[in-house]
Amino acid sequence: MLDVLRENFGHLFEDELLVEISRVSKYTKVDAGDTLMELGSSVTHMPLLIEGAIKIFRLDDDYREQILYFLERGDTCALTLNCCVGKVHSEIKAVAEVDSELIFVPAEYMETFLKYHSWSKFVFDSFNNRLVELLEVIDSLAFMKLDERLYNYLRDKVLINSNQLLEITHSIIAQEMNTSRVVISRVLKKLELENKIKLHRNKIEVIEI
DNA sequence: TCATTAACACGGG
DNA sequence: CCCGTGTTAATGA
């Protein structure tokens, strides 16, 4: 695990810290679709993403979900950071978008690692990055039309899967974006007429990025 | 005006 | 036959 850490986080953390992390953490592989965190579960570990992508959802009172953003290589989850320090329950749900590899750092080391300057910088930067992304989410929900939101969502998926051809159904998209299947079908059709995508059964081809 | 819900037809696997 | 898709009509915010 130390080698994996050096390879992916060597540019961020000094070797002494990498050694400490590797001594106390757990290295895990997950498959696409695995749920890493349920709403309300207690958070005991903080994830460092080595490979793959994790999608983060917010859930409303009726358990309808709204996708917030994707975590990618080198990221951690700022909302989890908050949970670890405050020892509160999770406000979000996390699902692996593709096969992924993570390292889980036990929550109790969150604070002791702060003695490393590189760690505290990493934590602050993560908060900052997530805040910026959350502002983008707010913009998107408040000001953007559904067709723009949907197109952005599809482009994100293309980047993460590094494949123009997405294997996904209209109803899954509707769930992730918290709207109805009818609307997604209609907007997708519109995007197709604008030559931005091509529709196939169970598949969506994104033409331009 | 636009989303949601229900309902229906079509077609591929 | 089941499921994904495309569409429409009714209803509501």
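Residue numbers begin at 1 in each chain, while the letters A, B, ... track the order of the sequences.
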Basic-acidic side-chain contact under 4.0 Å: E192(A), K189(A):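 Answer for the salt bridge query: yes.
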At 4.0 Å (heavy atoms only), tell me whether T169(A) reaches a base, stays on the sugar-phosphate, or touches nothing.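 Sugar-phosphate, backbone atoms only, no base.
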Is R155(A) close enough and on-axis enough to Y151(A), meaning under 6.0 Å and within 45°, for cation-pi?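 Checked: cation-pi criterion met.
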Is the shortest side-chain heavy-atom distance between I21(A) and F9(A) below 4.5 Å?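 When only atoms from C-beta onward are counted, F9(A) and I21(A) do not touch, as no gap falls below 4.5 Å.
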Just checking F122(A) against F13(A), ring centres under 6.0 Å apart?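 Ring centres of F13(A) and F122(A) closer than 6.0 Å.
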For the pair made of [atom1] in [X] and [atom2] in [N], what is the distance, rounded to whole Å?
| X | N | atom1 | atom2 | answer |
| --- | --- | --- | --- | --- |
| R149(A) | dA3(B) | CZ | P | 10 Å |
| I204(A) | dG4(C) | CD1 | C1' | 11 Å |
| L188(A) | dA3(B) | CG | C1' | 16 Å |
| I184(A) | dT7(C) | CD1 | P | 15 Å |
| R181(A) | dC2(B) | CZ | P | 20 Å |
| K189(A) | dT5(C) | NZ | C1' | 9 Å |
| E167(A) | dT5(C) | CD | P | 12 Å |
| K203(A) | dG4(C) | NZ | C1' | 12 Å |

Testing E167(A), E205(A), E176(A) for salt bridge (charged side-chain N to carboxylate O under 4.0 Å, His left out) with K157(A), which one passes? E176(A)
As a quick check of understanding, evaluate side chain to side chain contact (heavy atoms under 4.5 Å, CB included) for K93(A) and M37(A), giving each step before the final call. CA-CA 5 Å; K93(A) 175 182 168 186; M37(A) 194 168 299; over 6 Å; no
Which of residues 140-148 of chain A sit near DNA chain C, with a heavy atom under 4.0 Å from it? none
Does R186(A) place a side-chain N or O at less than 4.0 Å from the phosphate oxygens OP1/OP2 of dA3(B)? yes
Please confirm whether the shortest side-chain N or O distance from T179(A) to OP1 or OP2 of dT4(B) is below 4.0 Å.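 Yes, T179(A) has a side-chain N/O under 4.0 Å of OP1/OP2 on dT4(B).
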Protein-nucleotides 9-13 of chain B N/O pairs under 3.5 Å:
residue: dG11(B); atom: N2; partner: R201(A); partner atom: NH1; Å: 3.1
residue: dG11(B); atom: N2; partner: R201(A); partner atom: NH2; Å: 3.0

Honestly curious: do V182(A) and I172(A) fall in one hydrophobic cluster under the side-chain, below-4.5 Å linking rule? no
Passing candidate, side-chain contact (heavy atoms from CB on, under 4.5 Å) with L102(A), options L48(A), I50(A), V30(A): V30(A)
Take the angle between the ring planes of F70(A) and Y153(A) and call it parallel below 30°, perpendicular above 60°, tilted in between.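 Tilted: the ring planes of F70(A) and Y153(A) meet at 30° to 60°.
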